[in-house]
Visitor: 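Got a structure for you, written out below as structure tokens; questions coming shortly.
In each ligand, atom 1 is the first atom listed, and ligand 1 is the first ligand listed.
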Amino acid sequence: MHNYRKITEDLYWVGGNDRRLELFENIFPLSKGVSYNAYLLMDEKTVLLDTADAAISRQFLENVTAALNGRSLDYLIVNHMEPDHCALIEDLLLRYPELKIIGNAKTFPLINQFYDLETEGKTVTVKEGDSLNFGRHTLHFVMAPMVHWPEVMMTYDETDKILFSADAFGTFGALNGNLFNDEIDFDRDWLDEARRYYTNIVGKYGMQVQNVLKKAAGLDILMLCPLHGPIWRNNLSYILDKYNTWSKYEPEEKGVMIAAASMYGNTENMAEIFASMLAEAGVKNICFHNISKTHVSELISDTFKYSHIVLAAPTYNNGIYPLMDNYLEDMKALAVQNRTFAVLGNGSWAPQSAKLIESKLGEMKNIRLITENFAVKSALKTEHTQLLKELAEKIAEELK
Ligand code: FEO
């Protein structure tokens, strides 16, 4: 049975939710599922903006068929060629043989790479600034390369002032029936997943996101329609400001994130004592992760969120504890920068972890270290506590 939603007089949401998928991209846990949004414009011509993931093919096709209400589909705009949005192009071509596909010069080679489709005579290539008229609506195409794939573009409806923003402004999380941001408490219920989505999927491409935000600033936008998560139809500055902060790699909050790795609890004990010292020094905004329990995508999300990061880890095989090393590599890959780090190391006979972690942090941009090879042997002892207390007080002072 179809389950589409009306957005405006002639625009419909025809996407669907997946609450079965365990791992998005086979990497990121989806405790709250994910939505794949697609939009159908019913003008003199019918225009579909993107398809969906194969996992929701039945729901998507039922929605498109029902919303078309007996009409044929004239155009498909492919804003993004990642398979969570383009898996059903062939199904549409089979159902609507006259269908024309609108994309840019980088879209069509990707279609041919992913799929064996006969697209000869069925494509319309657009470039930056091009517009196409479909009746009442004129759609204008805005290229958004590397946000987060090279072919990504956004489509701006000049008539109703709607920006179809591809993955940008999207989030993990299935829709619960409410489709619009003004029907939900985004800050309470969605922000953490939106940040985890942005930082892990798009985080590396801050400069490209900044370029798109500059283009968006030149458009009069009343509604943002992303490919995942809720549609924004008021308070747009909220999500635009978050994107501006995240893409400039600026901390969202003054506070401390502690990421502790521990084999037998001794390094974690040191980190816990340090957390208490921070609290006693007056720090209120502290978050603590045992990195063996917390998925690295959440660690990355909080690394983007907080101004000060404390990494505590033992030495392992004369190197960095593997899960901490993986987290550091992810930070590097996602271009983490502009943060203050303190490193608490441990090692029973040759403590190397602090030195090695600090060296890796040194490879990242604008990282400030406020420790230098602080390491305990096996467990924290009284002789180290004064140094830790001073470090906690220094951080508390900086957070005032
Ligand atoms: Fe939601 Fe980049 O795909």
Visitor: How wide is the angle at atom 1 (Fe) of ligand 1 spanned by His85 NE2 and Asp84 OD2, rounded to 10 degrees?
Guide: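 My answer is 90°, to the nearest 10°.
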Visitor: Check whether the side chains of Asn346 and Tyr321 place a donor and an acceptor atom closer than 3.5 Å, and report yes or no.
Guide: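 No, Tyr321 and Asn346 have no side-chain donor paired with an acceptor closer than 3.5 Å.
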Visitor: Do Thr159 and Thr138 pair up side chain to side chain, a donor and an acceptor below 3.5 Å, judged on atom types alone?
Guide: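 Absent: no donor and acceptor within the cut-off.
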Visitor: Would you check if there is a donor-acceptor pair between the side chains of Glu298 and His289 at a distance under 3.5 Å?
Guide: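 On atom types as modelled, these side chains do not qualify, holding no pair under 3.5 Å.
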Visitor: State the atom name: nearest N, O or S atom of Glu82 to atom 2 (Fe) of ligand 1.
Guide: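 Atom 2 (Fe) of ligand 1 is closest to the Glu82 atom OE1, counting only N, O or S.
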Visitor: Taking both backbone and side chain into account, is any N, O or S atom of Asp167 nearer than 2.8 Å to atom 1 (Fe) of ligand 1?
Guide: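 So Asp167 does bind atom 1 (Fe) of ligand 1 by this criterion.
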Visitor: Strictly under 2.8 Å, is atom 1 (Fe) of ligand 1 approached by any N, O or S atom of His80?
Guide: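 No, His80 does not qualify, because none of its backbone or side-chain N, O or S atoms lies under 2.8 Å.
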Visitor: Among the N/O/S atoms of His228, which is closest to atom 1 (Fe) of ligand 1? Give the atom name.
Guide: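 It is NE2 of His228.
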Visitor: Less than 4.5 Å apart, side chain to side chain, heavy atoms only: is that true for Asn181 and Arg233?
Guide: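 In contact.
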Visitor: Parallel under 30°, tilted from 30 to 60°, perpendicular over 60°: which one fits the rings of Tyr4 and His2?
Guide: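 Tyr4 and His2: parallel rings.
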